[in-house]
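This report refers to the structure that appears directly beneath it.
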Amino acid sequence: VQLQASGGGLVQPGGSLRLSCATSGRTSINDPKAWLRQAPGKEREFVAAIRPRHGGMHYADSVKGRFTLSRDSAKNTVYLQMNSLRPEDTAVYYCAASANPDIILSRVRDEATYDYWGQGTLVTVSS
């Protein structure tokens with residue numbers, strides 16, 4: 001399974017970006033996908049995830065109401081629309097996928113849950 005993240009860049013505070021995560025290889029549209037991020041000098045943290053089989057989308061409190069997940073099943077791609085960006089959103093954003101379509105809710109935010117990782121895309125929010 002390969003994940004290709006793209007869409008990062010430099011944006012001013014209050015601006016928007018859309019990240020894409022294209023998946024290829026032996027993967028299922030039911031595989032949970034997630035975005036996590038790592039800011040300079042900090043640990044990687046959960047941002048958002050989707051569990052297709054359970055119809056759930058989950059967001060970190062810090063991005064709720066500003067970031068939105070969506071997916072295109074035909075393209076096997078997950079998107080992260082990021083609005084009202086703040087300097088503290090600056091980070092390398094990673095997409096990840098789990099081989100278990102039935103991960104439990106309590107594991108969604110745990111990076112150890114995810115089996116496959118993309119290479120990361122840098123988002124810089126600065127004026």
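Heads up: numbering here begins at 1 and tracks the sequence.
A donor-acceptor pair shorter than 3.5 Å can be found between the side chains of R37 and Y93. The closest side-chain donor-acceptor pair between S84 and R66, if any, does not fall under 3.5 angstrom.
Within a 6.0 Å radius of CD in E88, more than 12 heavy atoms belonging to other residues, nucleotides or ligands are found.
The structure places OG of S98 at 8.5 Å from OH of Y116, a figure rounded to the nearest 0.5 Å. Between the CG atom in N100 and the CZ atom in R51 there is a gap of 10.5 Å [rounded to 0.5 Å]. Within the model, atoms CG of L3 and OG1 of T23 stand 4.0 Å from one another, a figure rounded to the nearest 0.5 Å. Distance CD/Q12 to OG/S127: 7.0 Å, rounded to 0.5 Å. Within the model, atoms NZ of K64 and CE of M57 stand 14.0 Å from one another, a figure rounded to the nearest 0.5 Å. One distance of note links CD1 of I104 with NE2 of H54; it measures 10.0 Å at 0.5 Å rounding.
Smallest separation of non-hydrogen atoms from Y114 and A49: OH-CB, 3.7 Å. When all heavy atoms of S16 and Q81 are compared, the pair lying nearest together is CB-NE2, 3.9 Å. Considering every non-hydrogen atom in both K42 and Q38, the closest pair reads O-NE2, 3.1 Å. Residues Y79 and R71 come closest through the heavy atom pair CD1-CA, 4.4 Å. Shortest non-hydrogen contact noted between W35 and S20 is CH2-O, 3.5 Å.
No side-chain heavy atom of P101 sits less than 4.5 Å from a side-chain heavy atom of P52. You'll find the side chain of Q4 stays beyond 4.5 Å of the side chain of T121, heavy atoms only. Within the 4.5 Å cutoff, side-chain heavy atoms of L69 are placed close to those of L80. For the pair R53/D31, no side-chain contact is recorded, criterion being any heavy-atom separation below 4.5 Å from C-beta on. When side chains are defined from C-beta on, S126 counts as touching L10, because their heavy atoms get closer than 4.5 Å. Using a 4.5 Å heavy-atom cutoff, the side chains of I103 and V108 are in contact.
Ion pairing of D89 with R86 is absent here, as no side-chain N (NZ or NE/NH1/NH2) approaches a carboxylate O to less than 4.0 Å.
Both V47 and L17 are part of a single hydrophobic cluster, where members link through side-chain heavy atoms under 4.5 Å apart. One hydrophobic cluster, built from ILVMFWY side chains closer than 4.5 Å, holds both F46 and W117. In this structure, V123 is a member of the same hydrophobic cluster as Y59, with clusters built from ILVMFWY side-chain heavy atoms closer than 4.5 Å. Under a hydrophobic-cluster definition in which Ile, Leu, Val, Met, Phe, Trp and Tyr are linked whenever side-chain heavy atoms come within less than 4.5 Å, directly or via other members, Y94 and F67 are assigned to different clusters. L36 and L105 fall within a single hydrophobic cluster, where Ile, Leu, Val, Met, Phe, Trp and Tyr are joined by side-chain heavy atoms under 4.5 Å apart, directly or via other members.
In this structure a side-chain-to-backbone donor-acceptor pair under 3.5 Å is present from T77 to K75.
When V63, L19, T68 are each tested for a side chain to side chain contact (heavy atoms under 4.5 Å, CB included) with M82, only one passes: L19.
The salt bridge (Lys or Arg N to Asp or Glu O under 4.0 Å) analysis of residues 111-127, with sequence neighbours excluded, yields the pairs R44-E111.
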